> 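Sharing a structure with you now.
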Amino acid sequence: MNSAPVLHLTNGGTSVIIDTSTAGLPAILYWGEELGEQGNLEDFATASRPQRVSGGLDTPAQLTLVPQESLGWQGTPGLTGTREGLVLFPRLTTTNVSSTGSELRFTASDPHAGLRLDGTVTVTGAGLLRQRLHLTNEGQTPCEVGSLLAVFPVPSSAVDILDTTGRHLRERSPQRHTLTTGTYRRESRRGRPGLDATLLLAAGESAFRFESGEVHAVHCAWSGNHQLLVEKTPTGAAFIAAGELLLPGEILLQPGETYDAPDALGSWGYGLNQLAQRFHREQRDRPSHPRRARPVTLNTWEAVYFDHDHTRLTRLADKAAEVGIERFVLDDGWFRGRRDDTAGLGDWFVDDGVWPDGLDPLIDHVRSLGMEFGLWFEPEMINPDSDLARAHPDWILQAAGRLPPSARQQQVLNLAIPEAWDYILERMDAILAAHDIAYIKWDHNRDLMEAGTAGSGAAAVHRNVRALYRLLDELKRRHPALEIESCASGGGRVDLGVLTRTDRIWTSDCIDPLERLVIQKYTGLLVAPELMGMHIGGPVSHSTHRAHSLAFRAATAVFGHYGVEWDIAELAEEDTADLASWIALHKRWRELLHTGQVVHADLPDPAMDLRGIVAPDRTAALYAYTLSASSSSYPPGRIRLPGLDPAARYTLAPAAGALQHPDAGHSPLDWSEAARAGTPLVLSGRLLGSTGVQAPVLFPEQSVLIEVRQVP
């Protein structure tokens, strides 16, 4: 253990310098690129202390891990609360510190306020900065926690902010702002992160992009209400803070009780590519990360909706097996009373009117074709028109003796009620135990509103998130091989809290490939591609009514957890062969796609999109070049292929897509023709990454896949 007052934590290419001698709590003095040996760090701490200034405090406050007003902090406080109706002004002071080379543990207490704070600051093997905070009530009376925020300093060079917003069918739309003095805050009050949630809040150098500009970002690993803010004070200090957004009375600590704040995770990079790669490595390092190849999945929703006809579904399964599908998922409509979305949620029994012989005949047929079987659930929801609601109306989240506004004709089940939790566990466990089910699509199709406990009206979001986590953990304990997808109206619950317990997210209910280009790009700032459901939709998108070629639909989805969301039962012979060839291509590249580094090129023309995945050893890569609209250049000029080893030599060749169209009227592309002739061009990784190659001429809304392989 290291007992020096100023500590240097390092791991995964990241350094963090922490001064443990600051007034109150420790302070992070530096967070960024690995520094190596730095000599006398106490001198650095001394050099970092602010001066007293005219009109200011006699002892200037420093930005600590949890900044406190009692020590002169005049920005957003890290901890707020009340005791017996009186505002708390805690003065937590460090009482114990221990550290290793990559982790700091500390305890701070305020006997007068009756509070103890235990914290852990870790630089992970992936180079993330993780903070965990635990607040204990050591007083003799109850204490209400208002907020507990983890604080991450950002350098003075940070002048631009990036976050995302969105809506159903268009999640994770980027938006940028200038970082000025004051606070920019993003809050989720939806009981889940929400379709408009920002996955992270980033601050960086002017006009930082995917390949350039130092940038830092923070994510709150929590599946309920949360807050992220970036603040710049008049003193010049700037920071990002993250934590749970607590409703009044939601955390009332009795004497001896502890509130565990959600994990807050920070990443940095020279460009968003590096920043995202750290998050991806962190996910891949977790013990629960899926290790086997991600099964190519067919989901039945956009194929049949509620029409659960056994004959129709078996034909769909036959075609799925023919084209190389490895998992067949039966979506909404299989349980009692569920003929549309107005009834049945909560009655988790196989509907014998639709399935007189149960689900086993379909499951057995699917398994005989060599595919796994998956099933849709929405365990946290309830329809007022259900046997469960009629028997237990008090199990519905509500306040003031009335139901909250309806959404999708459904309400929310209060899983914090032990009997409700037990019922859902029993029903799901019974279905899983009775059938050969490898996968659950776990949906959550509405936001929480007026989320109170019936009778008392007490706020219940926090307790429902904890109940959800316990339910997921228990189902995984009972069924260790089970895989679970976090769906939530598509992308409404995408966070590293739920992904600790699940195996992928459904990225969006919109499968239009043009929309998915942006949705997947910015979801990928946080989520590794193998954890992102990316499916091939039908020829006409159900959500936008745009029509696209199979090649464009398939190329846009190929990097992720591949699948099909399309009625392919009566597919023509030519389309069947094309779909099978795309699935085969994905399988050939799957190991690289799901272990490699994701890269995006910063191209000058906004109509041009270049993204790819490079093998961990940089011996191969697969890129997708897409023209999303008509280009301002014709021919379009060069495209760069980032992420390769500058010193290595590579061949490049078209892998699939719309490289040559009979109506285009342009000549063949020389580098493509050389590859087709068996004499591919050989170029250095430095040239490919810095200068690039001539882009193919494409029509708008077309993609080409380009494979790159290192020459021995």
Side-chain angles (χ1 to χ4, degrees), residues 297-318 320 325 327-369 371-392 395 408-411 413 415 419-445 471-472 474-476 478-479 481-485 487 506 565 567 569:
T297 298
L298 183 138
N299 190 68
T300 66
W301 178 244
E302 290 197 9
V304 303
Y305 292 105
F306 289 105
D307 184 13
H308 283 204
D309 176 78
H310 178 74
T311 301
R312 183 179 181 185
L313 287 165
T314 54
R315 286 202 308 270
L316 186 61
D318 290 341
I325 298 291
R327 175 185 285 156
F328 184 94
V329 180
L330 183 66
D331 209 288
D332 193 359
W334 59 268
F335 50 96
R336 190 176 291 169
R338 188 68 165 177
R339 302 282 48 81
D340 55 34
D341 64 1
T342 66
L345 283 176
D347 298 341
W348 300 109
F349 300 85
V350 178
D351 192 324
D352 53 14
V354 179
W355 299 97
D357 299 315
L359 293 176
D360 279 336
L362 177 63
I363 295 174
D364 291 345
H365 184 73
V366 167
R367 298 292 290 122
S368 73
L369 295 169
M371 295 185 291
E372 298 176 359
F373 184 81
L375 194 62
W376 182 93
F377 282 90
E378 195 171 3
E380 299 154 86
M381 297 295 155
I382 184 169
N383 283 122
D385 184 4
S386 67
D387 292 342
L388 183 65
R390 286 183 280 273
H392 299 285
W395 287 6
R408 209 183 183 222
Q409 294 83 47
Q410 65 193 51
Q411 296 291 343
L413 189 67
L415 285 180
E419 295 80 5
W421 190 92
D422 289 342
Y423 166 79
I424 293 297
L425 174 62
E426 185 278 327
R427 282 290 76 225
M428 296 187 74
D429 184 48
I431 296 291
L432 292 170
H435 303 91
D436 188 356
I437 296 171
Y439 175 88
I440 288 176
K441 179 179 178 180
W442 189 300
D443 221 335
H444 185 283
N445 275 314
L471 183 59
L472 291 166
E474 181 60 19
L475 285 169
K476 286 282 190 129
R478 296 187 184 191
H479 306 277
L482 179 70
E483 292 192 5
I484 300 175
E485 172 189 84
C487 180
W506 181 225
E565 192 97 10
D567 187 358

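Nothing here was measured: the structure is a model prediction, and the numbers come from that model.
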> What distance do K441 atom NZ and T297 atom OG1 have between them, rounded to the nearest 0.5 Å?
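So the NZ of K441 and the OG1 of T297 are separated by 10.5 Å.
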
> So do I440 and L482 actually touch side chain to side chain, heavy atoms under 4.5 Å?
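They are in contact (side-chain heavy atoms under 4.5 Å apart), so the answer is yes.
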
> Could you check if a side-chain atom of L413 sits within less than 4.5 angstrom of a side-chain atom of L388, using non-hydrogen atoms only?
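Side-chain contact under 4.5 Å: yes.
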
> If you compare all heavy atoms of W506 against all heavy atoms of C487, which two are closest, and at what distance to 0.1 Å?
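Scanning both residues completely, I find the closest heavy atoms to be CD1-SG, 3.4 Å.
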
> Let me confirm one number: the CH2-CG distance from W421 to L471, rounded to the nearest 0.5 Å.
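So the CH2 of W421 and the CG of L471 are separated by 6.0 Å.
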
> Check whether any side-chain heavy atom of L298 sits under 4.5 Å from a side-chain heavy atom of M371, and report yes or no.
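Not in contact.
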
> For D385 and N383, does a side-chain donor sit closer than 3.5 Å to a side-chain acceptor?
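Per modelled atom types, D385 and N383 side chains form no pair under 3.5 Å.
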
> Rounded to the nearest 0.5 Å, what separates atom CE in M428 from atom CZ in R478?
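These two atoms lie 11.5 Å from each other.
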
> Go through the steps for L313 and F328 under the test side chain to side chain contact (heavy atoms under 4.5 Å, CB included), then give the verdict.
CA-CA 10 Å; L313 287 165; F328 184 94; 4.3 Å; yes

> Hey, does K476 have a side-chain heavy atom less than 4.5 Å from the side chain of I484?
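A side-chain contact exists here, since the closest heavy-atom pair is under 4.5 Å.
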
> Taking the side chain as everything from C-beta on, heavy atoms only, tell me whether N445 gets closer than 4.5 Å to M381.
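N445 vs M381: side chains apart.
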
> Would you mind listing every side-chain hydrogen bond (donor to acceptor under 3.5 Å, both in side chains) that reaches into residues 357-369, with sequence neighbours excluded?
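Qualifying pairs, neighbours excluded: D318-H365, R367-D436.
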
> Looking only at heavy atoms, which two atoms of V366 and E372 are closest? And how far apart?
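Minimum heavy-atom separation between V366 and E372: CG1-O, 3.5 Å.
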
> Looking at every non-hydrogen atom in both residues, tell me the closest pair between V329 and L375 and how far apart they are.
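Taking V329 first and L375 second, the nearest heavy atoms are CG1-N, 4.1 Å.
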
> Closest approach of T314 and T311, non-hydrogen atoms and distance?
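Reported closest heavy-atom pair: OG1-O, 2.8 Å.
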
> Please assess I424 against E380 for the test side chain to side chain contact (heavy atoms under 4.5 Å, CB included), listing each intermediate value before the final yes or no.
CA-CA 8 Å; I424 293 297; E380 299 154 86; over 6 Å; no

> Which label fits W334 and W348: parallel for a plane angle under 30°, tilted from 30 to 60°, or perpendicular past 60°?
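Plane angle between 30° and 60°, so tilted.
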
> Can you measure from CG (L432) to CG (L425) and round to the nearest 0.5 angstrom?
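Reported to 0.5 Å precision, the distance equals 9.5 Å.
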
> With R338, which of D351, D332, D331 fulfils salt bridge (Lys or Arg N to Asp or Glu O under 4.0 Å)?
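Only one of D351, D332, D331 forms a salt bridge (Lys or Arg N to Asp or Glu O under 4.0 Å) with R338, namely D332.
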
> Evaluate the side-chain proximity of D567 to R312: yes if any heavy-atom separation is below 4.5 Å, no if none is.
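They are in contact (side-chain heavy atoms under 4.5 Å apart), so the answer is yes.
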
> Report the relative orientation of the aromatic rings in H392 and W395; use parallel for angles under 30°, tilted for 30 to 60°, perpendicular for over 60°.
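Parallel: the ring planes of H392 and W395 meet at under 30°.
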
> Aromatic rings W355 and H308: how do their planes relate, parallel, tilted or perpendicular, breaks at 30° and 60°?
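Answer is perpendicular, since the angle exceeds 60°.
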
> Centroid-to-centroid, Y439 to W376, below 6.0 Å?
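Not under 6.0 Å, so no.
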
> Looking only at heavy atoms, which two atoms of S386 and A389 are closest? And how far apart?
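Residues S386 and A389, closest heavy atoms: OG-N, 3.1 Å.
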
> Rounded to the nearest 0.5 Å, how far apart are CD1 of I437 and CZ of F377?
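It comes to 6.0 Å.
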
> Report the distance from atom CD of E565 to atom OG1 of T300, rounding to the nearest 0.5 Å.
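One gets 7.5 Å once the value is rounded to the nearest 0.5 Å.
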
> Return the minimal non-hydrogen interatomic distance between W442 and L475, and the atom names on each side.
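Nearest pair, atom of W442 first, then L475: CZ3-CD1, 3.6 Å.
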
> Do F335 and L345 have side chains that approach each other closer than 4.5 Å (heavy atoms only, starting at C-beta)?
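They are in contact (side-chain heavy atoms under 4.5 Å apart), so the answer is yes.
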
